[in-house]
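See structure below.
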Amino acid sequence: MQMVNLKINGIEVEVPKDSTILQAAEKAGVHIPVLCHDARLNPFGACRVCLVEAVGNPRLMTACTTPAAPDMEILTNTEKLQKIRKTVMELLLINHPLECPVCDKGGECTLQDLTYETGLTNVRFDAEPNNTEVDHTNPFIERDIDRCVLCGRCVRICDEVVNIQAISFVNRGTETMIGTAFDQPWNCEFCGQCISVCPVGSLNNRVYLFKNRPWNLESVDSVCGLCSCGCYIKLDHEGNEVFRMNEAPEEGANHGYLCAKGRFGFEFINSMERETECRIRKNGDFETVDFEQALDTVSEKLGAIKSEYGSDAIGVLVSPRLTNEEAFLAQKFAREVIGTTNVYSLEPTTSLPEATYEDVENSDCVVTLNIDVTESNPILGLAVRKAARMNDAGLYVYYPSETALKRVATEMHTGTPDAVYAAMDELVAGKTKAAEALKGAENPVVVYSPYNTADLYYAQELKKAYPSLKLVAARSKNNSQGVLDMGAKNGFGPGLKETERGVNLRKGLENQSVKALICLGENVAVRTGWSEIERAYSHLELFMVTDPFMSETAKRGNVYIPVATYAEKNGSFTNLEGRVQEVQKAVDKGVCTDSDVIAALSAKLGKELTADVDEIREMIRKENPLYKDVDFNGGLVKYPYAIKGEFEKETVAAGEGSFYLYPAALRLHSGSYTRWSHDLAKVYGDAKLIINDKDAEAAGIESGNEVAVKAGDVIRVFAAEVDKNMTKGCVSLPEDYADTADLFTKGRVLKVSIEKSG
């Protein structure tokens, strides 16, 4: 790498040739004030706050945009610069209302900090506030144009990173402002990246607005528990209430970016609808009992069932919401305390992580197979966008309807599911431009859903054809990978070691050989492909469910124990990259963790299991070869395979009907938790049937109308949402709702009939 040497305030420093003066100053330990600069964005040089002098050059230059050159001598804080910076600040404050006492940015405002830093006490120019009405058209973002300093950070991050371009500079000269095209209501992906970079109080988080002040908050570093992206977050809280889910700029595998659910969906942690007391069903109704009574009931039942039917009549089902430590403890409880091999997870072991975000970002050819990755795994979606925009990588998208990747895709293959799979057949056969791109790429990547065996076939065939290809299995939940790694899976022990298989869960429930089920955090009733077994619960003599809420599944149990969310416990999650990251406790809502439940129940059954995270982690290192040397604070697990098994090409659509139905991403939600966040539910609360505008017109359907969907003998009614981007002849529904799970149990892609209801 070619280097250059220069002096900053007399300090000699050596930096790479392409560095800016600002980067050189940072390396030299010299502070240069900035306002419009953000290291994640392209240099802009709009605010002029970072002006510096170069010895021998009469013109001032912006440090954030000017390249460092050999033998430069830079001065950053001369008397001349101090005067100019004061003037720059005075100009910035002309239209900016001095309303700090009520501004939500108080204590975190860069403009306020710079005003103090430059020693500005009087403004020579007459202030001319615009008194523009505050915009609340966006459900999560308050826009106060009067406070804007036109630094452009929000516009740039929406363009350069998110690639939505929901906002831009509009008008010219003194009329310039940040606005939307044709002054339309602000409708976007709601990720809130713009809030994260706004240096003043122009863009504010409406979920947090006027609820607290930053100096009151304590912050705990942790990992988001809402999807498998594994985003590094800061849980800002006071006492036992979480007030914000904040990013840490440039930190973590997510580079400090968050999605809508990660940033605004934390309210479920504080929800008043959370349960705090255990329940036991008696004579058909739940009765409140204390923790000890609940455990006594469970332990007595387990003992009786084990004596009468044997230990194989008992099963333990583990949710990916649990931490690695809890999942490890759960399988130990099943195998060593109960003595059964009936340990279950609903996650498949056929696909394991192979590529990191860095691999995706640096790829020169990315293919996404039948998955709307910007909705299902938004931060992985940002990595795909970055590859396409920054590396000029070829991006080939296969999905029935248009997605946000359309803006950056080299080719987008849409159509009915049959048409999309036909296009994927040509890809596998090597007959397409995408196949040529994969063949010629040095770092090709394919993103796919590991939950659909039809897609597994195509991922498998592409891997065979292009050995250098790296596969990204886009799992759904926060610890979908970790629960498998910990051995919470029928036939797999810790480290994915194959072991004795227990009773098949579905068959065991249907033939009633399983008499007791310990369900740790799993909401089976909303899981695609599994909801129908809910009807087999009625014969169970013991059905214990733990969950922070009285979930659809918990309502079917006969013992319920409320437990902590990820914000209330320590442990670790493993994300879709196979990256292990620590979860830190921020608040205490007065309920126990799943580890506490398992340890206490074990003690009741005569065997001690620790709930201490450090002690469990030591056991994991000894018993799990995949985690023997892994750093729990960001280390990557090395997996034995990317895809296991030999998958046959499947018939795409099952059933009969004039419309194709396929599962869409969950739209601002990640399963059971976020639907308890009321701000997210205002935008997308219930499952909606997305239908093409021409199909809707022909059927006399308008947005909001109720529409009955019939798949075989299953009929469910949903509100319609008319969308011109939906492919004609197709409809879609989000997964992880009880009604949609019932439909998709018939198949991942279905032929269905639809009819306006009522």
Side-chain angles (χ1 to χ4, degrees), residues 275 277-319 322 326-327 329-345 487-488 490 500-522 524-525 533-547 550-551 553-563 592-611:
E275 302 288 339
E277 295 180 301
C278 302
R279 310 279 179 84
I280 292 176
R281 191 180 295 280
K282 288 183 180 176
N283 301 320
D285 296 321
F286 273 128
E287 290 185 7
T288 300
V289 296
D290 63 29
F291 187 54
E292 285 298 316
Q293 288 175 291
L295 291 182
D296 285 342
T297 301
V298 174
S299 61
E300 288 168 10
K301 276 284 185 186
L302 285 176
I305 291 168
K306 189 173 178 179
S307 295
E308 185 172 355
Y309 305 105
S311 56
D312 283 345
I314 302 170
V316 177
L317 175 59
V318 182
S319 163
L322 271 63
E326 289 173 326
L329 206 62
Q331 64 84 29
K332 215 168 184 58
F333 170 74
R335 293 185 169 112
E336 298 181 11
V337 178
I338 296 177
T340 180
T341 52
N342 297 344
V343 189
Y344 307 108
S345 163
N490 192 9
E500 183 183 353
R501 293 188 71 84
V503 176
N504 178 281
L505 176 60
R506 193 185 302 271
K507 290 180 180 175
L509 289 171
E510 289 173 348
N511 65 23
Q512 302 188 9
S513 61
V514 172
K515 304 292 183 184
L517 185 63
I518 305 295
C519 178
L520 300 170
E522 185 60 82
V524 189
I533 67 169
E534 180 201 27
R535 295 164 188 81
Y537 298 154
S538 56
H539 79 278
L540 288 172
E541 296 181 24
L542 171 66
F543 185 21
M544 186 197 101
V545 180
T546 67
D547 198 290
M550 184 59 75
S551 67
T553 301
K555 289 176 182 174
R556 300 297 302 272
N558 46 33
V559 178
Y560 165 72
I561 299 177
V563 289
C592 58
T593 66
D594 280 286
S595 288
D596 294 330
V597 175
I598 297 167
L601 199 50
S602 297
K604 294 276 184 188
L605 294 171
K607 186 175 176 79
E608 295 294 329
L609 280 181
T610 180

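Any value given below was found using the heavy atoms of this structure, including those in side chains, with hydrogens, waters and symmetry copies removed. Because the structure is predicted, anything quoted here is derived from the model rather than measured.
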Legend entry - Closest non-hydrogen atom pair between Ala488 and Ala327, with its separation: CB-O, 4.2 Å
Legend entry - Polar side-chain atom of Arg501 near backbone of Thr341 as donor-acceptor pair, under 3.5 Å: no
Inset, instruction - Supply the atom-to-atom distance Arg556 CZ to Leu540 CG, rounded to the nearest 0.5 angstrom. - result: 10.0 Å
Inset, instruction - Indicate yes or no: at least one non-hydrogen side-chain atom of Arg279 is less than 4.5 angstrom from one of Thr288. - result: yes
Legend entry - Backbone N/O of Gly502 and side chain of Asn342: donor-acceptor pair under 3.5 Å: no
Inset, instruction - Starting at CD1 of Ile561, measure out to SG of Cys592 and round the result to the nearest 0.5 Å. - result: 6.5 Å
Legend entry - Spacing of NZ belonging to Lys306 relative to OG1 belonging to Thr340, to within rounding of 0.5 Å: 9.0 Å
Inset, instruction - Output yes when a side-chain donor or acceptor of Glu522 lies under 3.5 Å from a complementary backbone atom of Leu317, and no otherwise. - result: no
Legend entry - Side-chain heavy atoms of Val514 within contact of Lys507, under 4.5 Å: no
Legend entry - Set of residues satisfying ring-ring contact (aromatic ring centres under 6.0 Å, His included) with respect to Phe286, sequence neighbours excluded: none
Inset, instruction - Compare every heavy atom of Val545 with every heavy atom of Thr553, then report the nearest pair and how far apart it is. - result: O-CG2, 4.1 Å
Inset, instruction - State the CG-CD1 distance between Asp290 and Ile280, to the nearest 0.5 angstrom. - result: 8.5 Å
Inset, instruction - List for me each residue that meets side chain to side chain contact (heavy atoms under 4.5 Å, CB included) alongside Asp547, sequence neighbours excluded, and say none if there are none. - result: Phe549, Ser551, Tyr560
Legend entry - Atom pair OG/CG of Ser311 and Leu302 - distance to nearest 0.5 Å: 11.0 Å
Legend entry - Flag side-chain contact, heavy atom, 4.5 Å: Val503 against Tyr344: yes
Legend entry - Tyr309 side chain to Glu541 side chain, donor-acceptor N/O pair below 3.5 angstrom: yes
Legend entry - Between CD1 on residue Ile338 and CG on residue Leu601, distance to nearest 0.5 Å: 7.0 Å
Inset, instruction - Side-chain contact test, heavy atoms from C-beta onward, threshold under 4.5 Å: evaluate it for Val563 versus Leu520 and give yes or no. - result: no
Legend entry - Minimum heavy-atom distance between Ser319 and Gly521, given as atom pair plus value: CB-C, 3.3 Å
Legend entry - Closest heavy-atom pair and its distance - Ala599, Leu609: CB-O, 3.2 Å
Inset, instruction - Measure the shortest side-chain to side-chain distance between Met544 and Thr546 over non-hydrogen atoms and say whether it is less than 4.5 angstrom. - result: yes
Inset, instruction - Please examine the side chains of Val318 and Asp594, heavy atoms only from C-beta on, and report whether any two atoms are closer than 4.5 Å. - result: no
Inset, instruction - Could you note down all residue pairs passing side chain to side chain donor-acceptor pair (under 3.5 Å) where residues 293-304 supplies at least one of them, sequence neighbours left out? - result: Asp296-Lys604
